Student: 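The structure that follows is given in the form of structure tokens.
Because the structure is a prediction, the values reported are computed rather than measured.
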Amino acid sequence: MYNTEEYIKLIKETLSPYRFNHSICVAKRAKELAEKHGIDEEKAYVAGILHDITKEMPNDEQIKLIEENGHKLAYYEAGNHRIFHQMSGEAYVKNVLKIADKDILSGIRYHTTGRENMTLFEMIIYLADFTSADRNYPDVDIMREKTDKNLLDGMLYSLQYTIKDVVSKGRILHPDTLSCYNWTIKELSG
């Protein structure tokens with residue numbers, strides 16, 4: 001259904017070796033989590049391959065893609081170039097690669113910030129990015145263990161990690177991340 005080999009070729013040509021390897025690792029982890037949770041493994045693999053497709057594009061090119069896709073950057077987005085690639089990636093995959101699948105698009109769109117009411121697919125892409133084999137940040141083993149036990153436990157731990165990191169560095173926290181955190185707490189206590 002998807003031309004996975006072409007997508008792999010594309011990211012190999014456009015991304016650095018580091019980012020290419022990361023994308024392959026995320027795709028494999030997404031497929032593994034998808035299989036475990038009974039969702040379409042091929043779609044999860046494709047979203048993993050393409051999740052960082054625009055990450056190494058210059059910021060001005062990413063902003064152009066975002067705006068051409070009908071999104072005006074809010075101050076908390078314009079001031080945070082680290083999240084551009086989730087929006088520009090969605091736009092690129094939709095408008096350049098002509099992939100219309102809403103799961104793949106939203107999986108890419110929210111793989112960095114998360115959001116309230118995340119779908120199972122979105123959580124899998126978000127957590128695959130956090131727990132892929134190439135990741136080696138402090139607590140990654142705990143993150144993997146929690147994710148493998150329960151996706152919501154993985155979400156909570158990852159959001160706590162992200163929020164602490166963003167706040168400790170004095171960076172802008174995207175409201176979607178805070179909403180995702182609050183939603184995750186509600187889901188775990190419900």
Student: If you round to the nearest 0.5 Å, how far is NZ of K146 from CZ of F130?
Tutor: 14.0 Å
Student: Output yes when a side-chain donor or acceptor of Q86 lies under 3.5 Å from a complementary backbone atom of T113, and no otherwise.
Tutor: yes
Student: Compute the centroid of each ring, for H85 and then for H111, and state whether the two points are separated by less than 6.0 Å.
Tutor: yes
Student: What I'd like to find out is whether the side chain of Y181 reaches to under 4.5 Å of the side chain of M155, using heavy atoms alone.
Tutor: no
Student: Please report the interatomic distance CG(D52) to CD1(I11), rounded to the nearest 0.5 Å.
Tutor: 9.0 Å
Student: Without swapping roles, check the side chain of E116 against the backbone of D176 for a donor-acceptor pair under 3.5 Å.
Tutor: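 Side chain of E116 to backbone of D176: no pair is present.
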Student: Does this structure show an ion pair linking D129 with R29, if we count only N-O contacts that are shorter than 4.0 Å?
Tutor: no
Student: Verify side chain to side chain contact (heavy atoms under 4.5 Å, CB included) between M118 and C180, making sure each step is shown before the conclusion.
Tutor: CA-CA 8 Å; M118 285 187 86; C180 188; 3.5 Å; yes
Student: Does the distance from a Lys or Arg side-chain N to an Asp or Glu carboxylate O, for E67 and K72, drop under 4.0 Å?
Tutor: no
Student: Quick check: does any side chain N or O of T147 sit under 3.5 Å from a backbone N or O of G154, one acting as donor and the other as acceptor?
Tutor: no
Student: Closest heavy-atom contact between S23 and I49?
Tutor: CB-O, 3.6 Å
Student: Mind listing the closest non-hydrogen atom pair of A128 and A30 along with its distance?
Tutor: CB-N, 3.6 Å
Student: For the CD atom on E145, are there more than 12 heavy atoms of other groups (residues, nucleotides or ligands in this structure) within a distance under 6.0 Å?
Tutor: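 Check fails, neighbour count at 12 or below.
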Student: Do D139 and Y157 have a side chain donor and acceptor closer than 3.5 Å?
Tutor: yes
Student: To the nearest 0.5 Å, what is the distance between CD on E32 and NE2 on H37?
Tutor: 9.5 Å
Student: Near K43 NZ, under 6.0 Å, is it more than 12 heavy atoms from other residues, nucleotides or ligands?
Tutor: yes
Student: Charged N to carboxylate O below 4.0 Å: is that the case for D60 and K64?
Tutor: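 Salt bridge: no.
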Student: Is the count of non-hydrogen atoms from other residues, nucleotides or ligands lying under 6.0 Å from K9 atom NZ greater than 12?
Tutor: no
Student: So how far is it from K149 NZ to L152 CG, rounded to the nearest 0.5 Å?
Tutor: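 Between K149 NZ and L152 CG, I get 11.5 Å after rounding to 0.5 Å.
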Student: Calculate, to the nearest 0.5 Å, the distance between atoms CZ and CG belonging to R19 and D134 respectively.
Tutor: 8.5 Å
Student: May I ask you to check whether over 12 heavy atoms, not counting those of Y75, lie within 6.0 Å of atom OH?
Tutor: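 Atom OH in Y75 is not packed in, count stays at 12 or less.
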Student: Does K186 have more than 12 heavy atoms from other residues, nucleotides or ligands lying within 6.0 Å of its NZ?
Tutor: yes
Student: Whether the side chain of E41 engages the backbone of A34 through a donor-acceptor N/O pair (distance < 3.5 Å, no angle test) should be reported.
Tutor: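 Checked: no pair found.
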Student: Contact between Y161 and P138 at the side-chain level, heavy atoms closer than 4.5 Å - yes or no?
Tutor: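 Yes, their side chains come closer than 4.5 Å.
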Student: Indicate yes or no for a side-chain donor-acceptor contact from N69 to the backbone of H71 under 3.5 Å, with no hydrogens or angles considered.
Tutor: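 No; judged by distance alone, with no hydrogens or angles, the pair does not exist.
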Student: Tell me if a side-chain donor or acceptor on E68 pairs with a main-chain N or O of L65 at a distance below 3.5 Å.
Tutor: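 Looks like no, no N/O pair under 3.5 Å.
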Student: What distance separates I124 CD1 from L33 CG, expressed to the nearest 0.5 Å?
Tutor: 5.5 Å
